[in-house]
Amino acid sequence: MEEFTKNVIEVIKSIPKGKVCTYGGIASMAGRPTGARQVTRIIHSMSRKHDLPWFRIINAKGMISLPEMRGYNQQKALLEAEGVVFDDKDRIDLKRFLWMGS
DNA sequence: CCACTGACTACTT
DNA sequence: CAAGTAGCCAGTG
């Protein structure tokens with residue numbers, strides 16, 4: 001297990017409720033600014049064994065990239081339940097909800 | 001061990 | 001502003 005991977009897990013687990021984070025942001029905090037795609041893999045692989053709050057992860061545009069029947073609905077519902085707001089274009093206001101570490 | 005596969009991102013057309 | 005392209009790199013089988 002690489003350090004990077006562990007860090008990513010840590011970061012994901014430390015995202016506060018009601019906040020979201022981008023792939024790039026997580027990768028960056030984990031020490032690999034260019035590893036956005038690896039974050040994706042980690043979420044897929046690790047969330048199966050560990051129970052990571054994958055629903056707090058979104059892309060750089062503040063949107064969920066998943067097909068609707070693949071977790072999109074669940075993710076949106078969970079986020080809204082935590083207070084995150086989606087605009088009329090289903091985008092999240094990153095200025096208010098993006099978490100960049102403590 | 002090698003190849004494939006990604007919920008990406010930033011830049012260029 | 002939409003669409004294409006090139007970096008990116010480790011988990012899984």
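Nothing here was measured: the structure is a model prediction, and the numbers come from that model. Quick note on labels: first sequence line is chain A, next is B, and so on, each numbered from 1. These numbers come from the heavy atoms of this one structure, side chains and all, not from hydrogens, waters or symmetry mates.
At a non-hydrogen distance threshold of 4.0 Å, nothing from residues 86-98 of chain A comes into contact with DNA chain B.
Qualifying side chain to side chain contact (heavy atoms under 4.5 Å, CB included) partners for A:Gln74, counting only residues two or more places apart in sequence or in other chains: A:Trp54, A:Leu78. Every residue two or more places apart in sequence or in another chain that forms a side chain to side chain contact (heavy atoms under 4.5 Å, CB included) with A:Met100 is listed here: A:Leu98. Taking A:Asp51 as the reference, nothing meets the side chain to side chain contact (heavy atoms under 4.5 Å, CB included) condition, with sequence neighbours excluded. By the salt bridge (charged side-chain N to carboxylate O under 4.0 Å, His left out) test, A:Arg70 pairs with no residue at all, sequence neighbours left out. With sequence neighbours excluded, the residues satisfying salt bridge (charged side-chain N to carboxylate O under 4.0 Å, His left out) with A:Glu82 are A:Arg56. With sequence neighbours excluded, the residues satisfying side chain to side chain contact (heavy atoms under 4.5 Å, CB included) with A:Met29 are A:Val11, A:Cys21, A:Trp99. Under the rule for a salt bridge (charged side-chain N to carboxylate O under 4.0 Å, His left out), the partners of A:Glu3 that lie at least two apart in sequence or sit in another chain are A:Lys6.
How far CZ of A:Phe55 is from OH of A:Tyr72: 16.0 Å, rounded to the nearest 0.5 Å.
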I'd like a list of close polar pairs between nucleotides 10-13 of chain B and the protein, N/O only, cut-off under 3.5 Å.
none

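For residues 12-41 of chain A, no pair satisfies side-chain hydrogen bond (donor to acceptor under 3.5 Å, both in side chains), with sequence neighbours left out. Applying the side-chain hydrogen bond (donor to acceptor under 3.5 Å, both in side chains) test to every pair with at least one member in residues 58-69 of chain A, sequence neighbours left out, gives these pairs: A:Asn59-A:Ser65.
Atom CD1 in A:Ile64 sits about 14 Å away from atom P in B:dA7, given to the nearest Å. Put simply, CD1 on A:Ile58 is 14 Å from C1' on B:dT9, counting in whole angstrom units. Here B:dT9 presents its P atom at 10 Å from CD1 of A:Ile26, a figure rounded to the nearest Å.
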Once each nucleotide of nucleotides 5-13 of chain C is scored for protein heavy atoms under 4.0 Å, what B/S/- sequence comes out, 5' to 3'? --BBBBBS-
